[in-house]
Each structure stands twice: as structure tokens, then as C-alpha cells.
Peer 1: 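My questions will all concern the structure given below.
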Number of protein chains: 2
Amino acid sequence: MHSKRITRRAGGGELDLLRQIRAHAGRLGGRALRLGIGDDCALLGLRPGEELAVTTDLSIAGRHFRIDWHPPESVGHRALARGLSDLAAMGARPLAAFLSLGIPRQLTVKRGRNGSWVDRFMAGLFRLAAAHQTPLAGGDLAEAPLAVADIVLTGAVPAGKALLRSGARAGDLLYVTGALGGSAVGLTTLSRGPRGIQARRWTTPTGVPDAFRPHLFPQPRIAQGLALRRRGLASAAIDLSDGLSIDLAHLCEESGVHALIESRALPLAQGASLEQALHGGEDYELLFAARPAVRIPRAIGGIAVSRIGILSAPRRGKTPIQIVTESGTEPLPPRGWQHFS
Amino acid sequence: MHSKRITRRAGGGELDLLRQIRAHAGRLGGRALRLGIGDDCALLGLRPGEELAVTTDLSIAGRHFRIDWHPPESVGHRALARGLSDLAAMGARPLAAFLSLGIPRQLTVKRGRNGSWVDRFMAGLFRLAAAHQTPLAGGDLAEAPLAVADIVLTGAVPAGKALLRSGARAGDLLYVTGALGGSAVGLTTLSRGPRGIQARRWTTPTGVPDAFRPHLFPQPRIAQGLALRRRGLASAAIDLSDGLSIDLAHLCEESGVHALIESRALPLAQGASLEQALHGGEDYELLFAARPAVRIPRAIGGIAVSRIGILSAPRRGKTPIQIVTESGTEPLPPRGWQHFS
């Protein structure tokens, strides 16, 4: 967060925002963070033998979230959750987050006791950051015609030990954490209901009805990713951000394998259809492969782990993913959830 | 660059773009980059005893650049230059860049032999990245109602050796690299001229008239920052992104000092007024302080270094910066260039 840039462009609202951000960001701690907001760059330290993991995720109003559907706290939470989930998929521990935020002036206007849209956005982001001891170490802030947030997550992982998409091989078994399709269920309901009225009052993960929690406040599987990596359980991993059918296709492509999954083995979220579990993105669960001899626990850190299929050598002319349903075995083409487009 | 995300949203144009980016990004090398585009995170390695420097810079159409004024190559160059300049100010060597790009569909349509707007944007970015051996290691890509680019730069610096804003003390002398106000000169001319006609053909730093080069293709002072840090010359440093009057105020604030500068000592860019040198931002030169006993060379890596003033203990009730002009000594309030607002 370059104070120099903010100062110039800032009206009173933006300066307030910067002060709030600096105050909060400092409190999150993080021993890796050696220099935070206020200089040209932030400085981070790694432990000896560690590599740095970096991921960036762009969230744009109308595309990744809707001002009229999503509570601002959820938008901030989800923006950070996307990046944390990428770290989880590598088995990395979070070091620090960075936020580049473009924001229309009207979203900085205070409304009611929870403050402005951007105050609430930051509150949601900071709550999740605190839960993962991830300080906000810097970023950029500018007025913009529409809300846009780019989140950068940095993490650390012992050199050569990161969970990659490319480590699986034929014969490995496939697993997922948690339940699938829950985010799609919540989003579908949000898009049908009386827009924005009720949902805007759901400001925390605990204050939201069960059916909306996976969509509004998804929990990145940091602890599960760390456990998989530390205990040497997974041969490959990816996070389920775009939907099982797409993300599994990526894992297959990078590992040079094909996959067979069983529809009845898929852990459906409450109210979710098979369609939603296969193609509804943004569940932020982990999909991973493991050698057949490796014993995978039924739960990791309180989150269920389900075996959903097996990998095989690629077969010429076949689609990479096949699914076994009641009506037989059929190809599963990658098909993503279409968000708001 | 998460291929998973692109795949879902992509029409043919975006997939083409992703392929181009992956192809180019790989060629830039960079030994620190252990895993680039194609997994959930990129992986970077530091040398023993190094810290990581991270900076993010948001560029938004209509705010940081104009589609109708700036050649797309310049927009890409400038976006990357902002981040590189932050690394330069810390004395860090660049490791890798990340790009989150939101882009309207029409800017991906091919026009003429140089390709689409975004092709040309990427060409400008890659040219500067190659000049600084900085691979593009990842990012995100999404369709957006307006062009927005967040650039993340990572760099490495020996632990505890980064040039900070806060290291200066009373008695230190003040220096700048290069010339000041050149970017403001170019921008003013661009904004007056027949818009976009001529400038859109200036696609490279060498192909642009001298008067526009500092604005359209500013050169980040990486080599100068590294030399200052390695040779132990500077006590504090900041890059001139917002203008001397603002950036010097930040250095003074962080170091707890006041400053006196001499107007006739300022190295004016060709055609630049004193106003433009003091308040015109985006010169991306380095402003640094040095102990009075330290001998500062007249040039570093072919770029002139000018002594412009001296730092003093803060005096109660005085403005932090005073300037000596022909008419005497007067306060210099921080005042930034107003861009396009």
C-alpha cells in the first residue's frame, strides 16, 4: 500500500481508508514480514531451504461478484480465499497478502454503523487473513469506475516439496476434501431471490445460513494442504476453483494421465445436484492424487476426505475424464460454471 | 497465469493470448524462477541470506493511461516500469513479474500487423522484462468492462541491506538520478496534440521522439539502485513516481528529517519547467540521501547524478521542505501531478 500514491489522489475518504488498512494490517503479525506497508516494497524472509510460492487473483465487479448480491464482507473474504486456496493446493504456508484495489468513490461513502462498502470489504478480508495469520503487507489503491481487487498471496514451502499438478501417475487414486457444489447452490439461490435484501446482512461466516456459507464464505483448505505435503500423502494436487470437471482435466493434462471417477462417490454438498458438484466452481476444496499404497485418512483437520476415482495411462482417442453413473460409463467434458456472464 | 481460469472464460482470442504469454514468458529465463505459469502458484528461489521484496502497481484505463493517447506498447512498458522502479528504490534485483489483466473483448481483436491492443501491450511489457531479465511467472486474466492491469514485481536483496525511505538523517545530502519533469512534458504535449494519431505509431523506446521518451518509455533505474546498495552509497532512497515534492516529503517523514533543496541544482529535462520538475510525477528516477562524507559519482551506469539539497533536523512549525529560488527561500508544499483527473 504505497502511501505516496494514495496521498496524491486521495480525498478524505481514501486517506481514512489507508489509515485503517495500515492500522489493521500491522496487527496481523507474521514473523516472515520484515517490512510492511509504507516503503517502496515490502520485505519478506524465508526460512533456510524454503521456496516462495506466489499467486495472483483478480476479482472484478459484475464478473466475480455482484455489488447487489454479495455482502461486501463476502467479497473481501472470497477475494482472499481464492489466493489462500492456491497456496493450500501447493501445500504452502501463507506468508503475506498484497491487495491492489480500484474503487469507485461512492463505495467509500459511510453507510450505517458498518461503514462504507469498502470498509466492509476490508473487514471481511481482514477476518479471514487473521484466521490464517496472514498479514496484509502492501498493495496499491486507486479510484476506478468499477470495483476491482487483485489479491496477491505469498507463501513458503520447503524447496522441491510443493504439491504440483504434475506429480500424479497411472494407478494413483483420486480424492477430494469436503463437499462439492455448495457454492453453486448458494449462488443459484442468491440469483433467484429478492436481490441483496437479506444477503447484505450476512456479514460473517457464522452469521450466514448453511445453504449460503460455501458460496459467501468458502474456507480455504490451508491446514489440509499442509498436512498432505508434510505427511507425504499426495502425489499431485489442485484446488477446485473452476469446477471438478475443469480442474481434474488440468491435473490430468499436467500429469499426463486419464481419470475415471464415480458419480456416487462424489461428496455432494447439501442441496447440490450432480451437475453442480461436477461443474459448479468456487468450492475451493482440494482435489488430490495419492499412490494406491498410501493410506489416506477419512478426515484431515475435521474436514472429510472422499475417494472419488482412479487415474490411468492416457488412452489414444479417448476423452481424458470418464464418469461412471447409473446408466454406465460416459465421457465427462470439462465445463465450467458460467458465473454472471 | 492460471490456465484453468482462462480456459473457462476464454473465447478463441483469450486462449490465443494465453498461449502467446506462456510462450514468451518461458523465454525470458531467470534462474530464480523454479516453476512458472501453469500450476496453482509459481515457485521462486532466493539465494542464502536474501530477503524478498514485493510491490504491486495498479494501472487503470482513463486513470493511469489513455487508450486514445498511449501506444499500447507504452502502456505495457509503463505498467512494468512502475514495479521495476520500486525494486530499484530498494536496491533489489528483479526475480519475476506477475500480471493480473482485466481486458475488454474488443481490445483482443487483431488490428493490422502488430496485432490487437493487448498483443501490443504484452509486446511492450515483454521488451522491458527482457531488458531486465525478468520472467513473467504468473498472473490472472479475465474479461472486464475496462482495461486494468495489476503488476506484481518480486525482487531479492541481501537481508537487512535494502535501501529504505527511513535511513536518512540530518546532515545527509540529497541526490537524484537523471532529469526531472520529462514525463510531464511528454504528457502535456500528448494531451494537446492531435490525439493518438502519431503517438500510436511509437512502439519502441528507440522509435519515439526524444520529447516523448521519458513519458512513454521511462527507464527504471535498476542498475543505479543496485550500485547504490552494493557500494553502500545511499542512506535512504525512494523512486520518483508521484513527483519530487511528494516523494521527498515521504522520505523526510519516514526518516524524521526536513529538507532544503536548490531550484538551480535541479536537473531539468529538456523543455521542462521548474513546476514540472517539482510536481510532475512518473519520472521514475531515484531520489536518495547520502552521508556528507560519502563521495557520490557524477554518473552511475551512464546516468547523471545531481546533488539537489541537504537534510536537516525537523524544525517545529516549519514545512518539511524548503526550496531556494532566485527570490529567496520558500516552503514547498507536496503537490502531485494530476494525471487525467
Side-chain angles (χ1 to χ4, degrees), chain A residues 3-5 7-9 34-35 38-46 48 51-58 60 62-64 86-87 89-90 92 98 100 102 137-140 142-146 148 150 152 154-155 157 159 162 164-166 238-239 241-242 246-247 250 254 281 334 336 341, chain B residues 3-5 7-9 34-35 38-46 48 51-58 60 62-64 86-87 89-90 92 98 100-102 137-140 142-146 148 150 152 154-155 157 159 162 164-166 238-239 241-242 246-247 250 254 334 336 341:
Chain A
S3 55
K4 54 185 172 131
R5 293 199 181 108
T7 313
R8 178 174 51 175
R9 292 174 197 142
R34 301 193 181 160
L35 184 71
D39 214 304
D40 292 283
C41 299
L43 293 175
L44 301 174
L46 293 175
E51 283 176 338
L52 182 84
V54 184
T55 177
T56 86
D57 289 281
L58 193 58
I60 301 175
R63 182 138 200 106
H64 302 89
D86 284 324
L87 291 184
M90 307 290 281
F98 298 78
S100 285
D140 201 1
E143 203 185 328
L146 85 173
V148 49
D150 190 42
V152 183
T154 56
V157 65
L164 305 183
R165 297 179 180 178
S166 54
I238 188 171
D239 76 313
S241 53
D242 281 0
I246 287 185
D247 294 319
H250 286 301
E254 296 293 330
S341 58
Chain B
S3 55
K4 54 182 174 135
R5 293 198 181 109
T7 311
R8 178 173 52 177
R9 293 174 199 142
R34 300 193 182 161
L35 183 71
D39 214 305
D40 291 282
C41 299
L43 293 174
L44 301 174
L46 293 176
E51 283 176 337
L52 183 84
V54 184
T55 177
T56 85
D57 289 280
L58 193 57
I60 301 175
R63 184 140 198 103
H64 303 88
D86 284 324
L87 291 183
M90 307 290 281
F98 298 79
S100 285
L101 186 64
D140 200 0
E143 203 183 327
L146 86 173
V148 48
D150 190 43
V152 183
T154 56
V157 65
L164 305 183
R165 297 178 182 179
S166 54
I238 188 173
D239 75 314
S241 53
D242 282 0
I246 288 185
D247 294 319
H250 286 301
E254 296 293 331
S341 59

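Note: hydrogens, waters and symmetry copies are ignored here, and every other heavy atom, side chains too, is used. Lettering follows sequence order; numbering is per chain, from 1.
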Peer 1: Is there a side-chain contact between D86(A) and D239(A) in this structure, where contact means two heavy atoms from C-beta onward sitting under 4.5 Å apart?
Peer 2: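 Yes, at least one pair of side-chain atoms sits under 4.5 Å.
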
Peer 1: Between R165(B) and G38(A), what is the shortest heavy-atom contact and its length?
Peer 2: NH1-O, 3.2 Å

Peer 1: Contact part of L146(B) toward chain A, heavy-atom cut-off under 4.5 Å: side chain, backbone, both or neither?
Peer 2: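 Contact with chain A is through the side chain of L146(B) alone.
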
Peer 1: Which bit of L35(A) comes within less than 4.5 Å of chain B, counting heavy atoms only: side chain, backbone, both or neither?
Peer 2: side chain

Peer 1: Classify the side-chain pair D150(B)/S100(B) by whether it contains a donor and acceptor separated by less than 3.5 Å.
Peer 2: no

Peer 1: Could you tell me whether the side chain of E254(A) reaches within less than 4.5 Å of the side chain of L164(A), counting heavy atoms only?
Peer 2: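 L164(A) vs E254(A): side chains apart.
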
Peer 1: Contact part of I60(A) toward chain B, heavy-atom cut-off under 4.5 Å: side chain, backbone, both or neither?
Peer 2: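 Contact with chain B: side chain only.
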
